[in-house]
Amino acid sequence: MDSPTADYGTILNVVTEATAPTAASATLSDYMRLSLSLCTVVARLRASGWYYEGANAQAMATDALTRMPAGRFFVRDSRHLGHLFTMDVQTGRIGESRLISVRFTYEDGMFGLDTMPQHADAHCSVPKFRCPIELVEYYVRMCRIQVAHIQIPVHPTWVDQSGKFFSWMHIIRPMVKVTAEEFPSLKHMSRLVINRHNQLITMASTSQPNQLMEYLLQYPYSL
């Protein structure tokens, strides 16, 4: 994987916003630690194949998503100055706007959904994750469980940028880039297969080459 790179100005601005309540006690090392962590997040998003950067790429991705089946999604840079990332989702809702956008919050080094709590303490129960990919994997898993067992969502719902309220997260599969230059490599696709079956495959560090173990740890996700 390439060395993590990112727009440090944007990252530090968001870090400053996210840590504003404790800014007086924050040190330069705290900001640097968070910014380096975010650089790792960006590097992993870029490796995923479904993170779209830049206005042109995002516009084309949005257009493509309108023709996708319900449950497809991708992650992009947020247009809101107080957020880093946003996920666009194809809902397939007939008679309504078929696409919705949900922002990811970032606070104390953790990502969550930008929610509209039903109760005063509901925000505290929203799951938080160290990487947006981990967050997305969680809701994909919950979606599959809810579809299979028709369960009522446990966690608070979210609201899109226009203020429309939704009852649960319906995401199934990411919309992967299809160009020859950006389509995930065979090596990365093999890594995803290993990660999906990590409970069935024994990956003892003593029996695997260091380079392989390092490559797997650089992207420990299954999407």
Side-chain angles (χ1 to χ4, degrees), residues 41 44-53 57-78 83-105 111-116 125-162 164-179 182-186 188-201 219-223:
V41 165
R44 288 179 172 179
L45 281 170
R46 286 172 175 163
S48 72
W50 38 272
Y51 167 54
Y52 293 79
E53 297 178 88
Q58 292 175 16
M60 289 188 290
T62 299
D63 181 65
L65 190 62
T66 61
R67 299 187 294 274
M68 290 285 178
R72 293 295 180 89
F73 62 89
F74 68 86
V75 173
R76 59 174 171 82
D77 297 326
S78 179
H83 297 264
L84 278 173
F85 307 110
T86 294
M87 178 168 59
D88 289 349
V89 183
Q90 168 63 273
T91 67
R93 294 167 180 260
I94 305 301
E96 303 179 19
S97 174
R98 293 167 60 85
L99 301 186
I100 61 170
S101 299
V102 56
R103 300 166 181 155
F104 296 163
T105 61
F111 291 91
L113 292 183
D114 192 11
T115 63
M116 177 181 284
S125 65
V126 176
K128 299 292 172 52
F129 307 88
R130 295 194 178 278
C131 180
I133 302 174
E134 185 181 355
L135 181 156
V136 170
E137 280 193 333
Y138 172 83
Y139 283 102
V140 167
R141 185 166 61 251
M142 289 298 100
C143 177
R144 291 171 180 169
I145 293 173
Q146 290 163 351
V147 169
H149 301 284
I150 317 179
Q151 295 181 353
I152 299 174
V154 175
H155 298 289
T157 53
W158 85 98
V159 63
D160 68 2
Q161 294 179 4
S162 65
K164 187 170 182 59
F165 194 67
F166 291 88
S167 61
W168 66 301
M169 177 70 73
H170 181 65
I171 57 175
I172 298 174
R173 185 180 301 172
M175 190 182 75
V176 177
K177 298 175 183 178
V178 297
T179 63
E182 297 180 305
F183 190 79
S185 66
L186 179 59
H188 177 69
M189 301 289 282
S190 300
R191 176 167 57 185
L192 295 181
V193 172
I194 293 175
N195 290 342
R196 288 175 189 141
H197 298 84
N198 59 1
Q199 293 181 341
L200 303 178
I201 301 176
Y219 192 93
Y221 310 108
S222 60
L223 287 179

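Any value given below was found using the heavy atoms of this structure, including those in side chains, with hydrogens, waters and symmetry copies removed. Everything numeric here is computed off the predicted structure, so don't read it as measured data.
In this structure, the side chains of Val140 and Glu137 stay at 4.5 Å or more apart for every pair of heavy atoms. Taking 4.5 Å as the limit, some side-chain heavy atom of Leu113 sits within range of a side-chain heavy atom of Leu135. A heavy-atom distance below 4.5 Å is found between the side chains of Leu99 and Thr66.
Of all heavy-atom pairs spanning Met189 and Pro184, the tightest one is SD-CB, 3.9 Å. Between Cys143 and Ile172 the shortest heavy-atom distance is SG-CG1, 4.5 Å. Here the closest heavy-atom approach between residue Asp77 and residue Gln58 is recorded as N-NE2, 3.4 Å. Residues Arg44 and Ile133 come closest through the heavy atom pair O-CD1, 3.5 Å. Shortest non-hydrogen contact noted between Ala57 and Tyr52 is O-CD2, 3.9 Å. Closest approach of Gln90 and Arg98 over heavy atoms only: OE1-O, 3.0 Å.
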Show, in sequence, the C-alpha distance, side-chain angles and deciding distance for Ser222 and His197, and conclude whether the side chain to side chain contact (heavy atoms under 4.5 Å, CB included) test is met. CA-CA 9 Å; Ser222 60; His197 298 84; over 6 Å; no
Let me see the working for Cys131 and Tyr221 under side chain to side chain contact (heavy atoms under 4.5 Å, CB included), right down to the final yes or no. CA-CA 10 Å; Cys131 180; Tyr221 310 108; 3.3 Å; yes
Test Val136 against Leu223 for side chain to side chain contact (heavy atoms under 4.5 Å, CB included), laying out the working first. CA-CA 9 Å; Val136 170; Leu223 287 179; 3.8 Å; yes
Can you list the steps and then say if Phe129 with Tyr138 is a ring pair (Phe, Tyr, Trp, His ring centres under 6.0 Å)? CA-CA 9 Å; Phe129 307 88; Tyr138 172 83; 5.3 Å; yes
With side chain to side chain contact (heavy atoms under 4.5 Å, CB included) as the criterion, how do Leu84 and Ser78 come out once you've worked through the C-alpha distance, each side chain's angles and the decisive distance to 0.1 Å? CA-CA 5 Å; Leu84 278 173; Ser78 179; 5.9 Å; no
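For the pairing with Met87, the side-chain contact (heavy atoms from CB on, under 4.5 Å) check across Trp50, Phe74, Phe104 returns one residue only, Phe104.
Side-chain N or O atoms of Lys177 include one that pairs as donor or acceptor with a backbone N or O of Tyr51 at under 3.5 Å. Remark: the backbone N or O of Gly112 is paired with a side-chain donor or acceptor of Thr105 at under 3.5 angstrom.
Phe85 and Phe111 have tilted rings, their planes meeting at an angle from 30° to 60° on a 0 to 90° scale. His188 and Tyr219 have perpendicular rings, their planes meeting at more than 60° on a 0 to 90° scale where under 30° would count as parallel.
Taking CD of Glu182 as the start and OG1 of Thr179 as the end, the distance is 4.0 Å to the nearest 0.5 Å. To the nearest 0.5 Å, atom CZ of residue Arg76 and atom OG1 of residue Thr62 are 6.0 Å apart. Here the NZ-CD distance, from Lys128 to Glu134, works out to 13.0 Å after rounding to the nearest 0.5 Å. One distance of note links CD1 of Ile171 with CZ of Phe73; it measures 4.5 Å at 0.5 Å rounding.
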